[in-house]
Enquirer: 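So that we are looking at the same thing, I have put the structure below in structure tokens.
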Amino acid sequence: SKGSVPSELGRIAKEEKATSVAWQDILAAYIQRTNDDFTFTKPSRRSLGLDGIILPSAFGEKVEIVIAVDTSGSISNDQLNQYLSDTAFMIKNCGAEGYLIGCDSAVHDFHEIGRDQPIPERVGGGGGTAFEPVFERLEEEAIVPQILIYFTDGYGSFPQGADFPVLWVIVDSSVIPPFGDYIAVKS
């Protein structure tokens with residue numbers, strides 16, 4: 001439900017569910033769109049192969065993402081379990097790392113995620129919904145992800161936009177976000 005009062009209720013993810021989205025394909029498409037950074041730094045002697053010619057190579061083989069999960073009262077425990085299962089899948093199978101943010105009308109959780117960091121089993125929330133706090137937190141932390149993936153039913157207040165790609169995963173709703181890309185998913 002839309003609102004401004006955050007709840008301090010703990011929401012628990014109990015079981016790992018199969019992912020319903022082809023995350024490898026989606027992340028690969030975003031990385032191809034955003035990873036056009038190259039470096040001409042001197043490689044190690046073992047990697048020099050063409051008589052000292054240094055070819056450009058892409059840097060940042062890791063997928064640097066932020067995953068935000070809507071933890072408001074309108075999100076069921078099953079939906080929340082799916083959000084966290086999809087997050088775990090992206091970390092395990094897509095080489096993604098970055099941050100997981102749990103937010104209803106306020107940011108309750110801010111975790112580094114990656115192969116060496118487990119996905120939390122408990123996230124705070126249960127109140128109203130506002131999407132702005134996630135974007136504000138990223139600005140405060142000076143984090144500019146290759147992609148922000150926001151799991152939500154879409155019922156809440158949206159910010160004006162973002163300076164990085166945003167993919168809204170709209171679950172069990174027909175809401176169309178005012179910016180970014182979106183996919184509609186049935187739980």
Enquirer: Could you tell me whether a side-chain N or O of Asp104 sits under 3.5 Å from a main-chain N or O of Gly127, the two making a donor and an acceptor?
Expert: yes
Enquirer: Which value, rounded to the nearest 0.5 Å, describes the distance between Gln117 atom CD and His111 atom NE2?
Expert: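 Answer rounded to 0.5 Å: 11.5 Å.
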Enquirer: Go through the steps for Ser74 and Asp153 under the test side-chain hydrogen bond (donor to acceptor under 3.5 Å, both in side chains), then give the verdict.
Expert: CA-CA 8 Å; Ser74 64; Asp153 58 10; 2.6 Å; yes
Enquirer: Nearest 0.5 Å, please: how far is CD in Gln146 from CD1 in Ile65?
Expert: 9.0 Å
Enquirer: What heavy-atom pair brings Ile91 and Arg115 nearest, and what distance separates the two atoms?
Expert: CG2-N, 3.7 Å
Enquirer: Return the minimal non-hydrogen interatomic distance between Val69 and Tyr83, and the atom names on each side.
Expert: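 For Val69 and Tyr83, the tightest heavy-atom pair comes out as CG1-CB, 3.6 Å.
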Enquirer: Any side-chain to backbone donor/acceptor pair from Glu112 onto Tyr99? Under 3.5 Å, distance only.
Expert: no
Enquirer: Of all heavy-atom pairs between Ser157 and Glu132, which one has the smallest distance, and what is that distance?
Expert: OG-OE1, 2.8 Å
Enquirer: To the nearest 0.5 angstrom, please state how far the OG1 atom of Thr71 sits from the CD1 atom of Ile101.
Expert: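 So the gap between those two atoms works out to 11.5 Å.
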Enquirer: Over 60° means perpendicular and under 30° means parallel, so tell me whether Phe179 and Trp168 are parallel, tilted or perpendicular.
Expert: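 Phe179 and Trp168: perpendicular rings.
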Enquirer: For Lys186 and Asp172, which heavy atoms make the closest approach, and how far apart are they?
Expert: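 Looking at all heavy atoms of both residues, the closest pair is CA-OD1, 3.3 Å.
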Enquirer: Taking the side chain as every heavy atom from C-beta outward, state whether Val134 and Tyr150 have any pair of such atoms under 4.5 Å apart.
Expert: yes
Enquirer: Please work out which of the three classes, parallel, tilted or perpendicular, describes the rings of Phe158 and Phe131, given edges at 30° and 60°.
Expert: tilted
Enquirer: So, taking the atom named CG in Leu148 and the one named CD1 in Ile143, what distance separates them when rounded to the nearest 0.5 Å?
Expert: 11.0 Å
Enquirer: How long is the span from the CZ atom in Arg137 to the SG atom in Cys103, to the nearest 0.5 Å?
Expert: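 Atom-to-atom, Arg137:CZ and Cys103:SG are 10.5 Å apart.
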Enquirer: Is there a donor-acceptor pair closer than 3.5 Å between any side-chain N or O of Ser173 and the backbone N or O of Gly154?
Expert: no
Enquirer: Using the side-chain contact (heavy atoms from CB on, under 4.5 Å) rule, pick out the option among Ile75, Leu80, Asp70, Thr87 that qualifies with Phe151.
Expert: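 Result: among Ile75, Leu80, Asp70, Thr87, Thr87 is the only option passing the side-chain contact (heavy atoms from CB on, under 4.5 Å) with Phe151.
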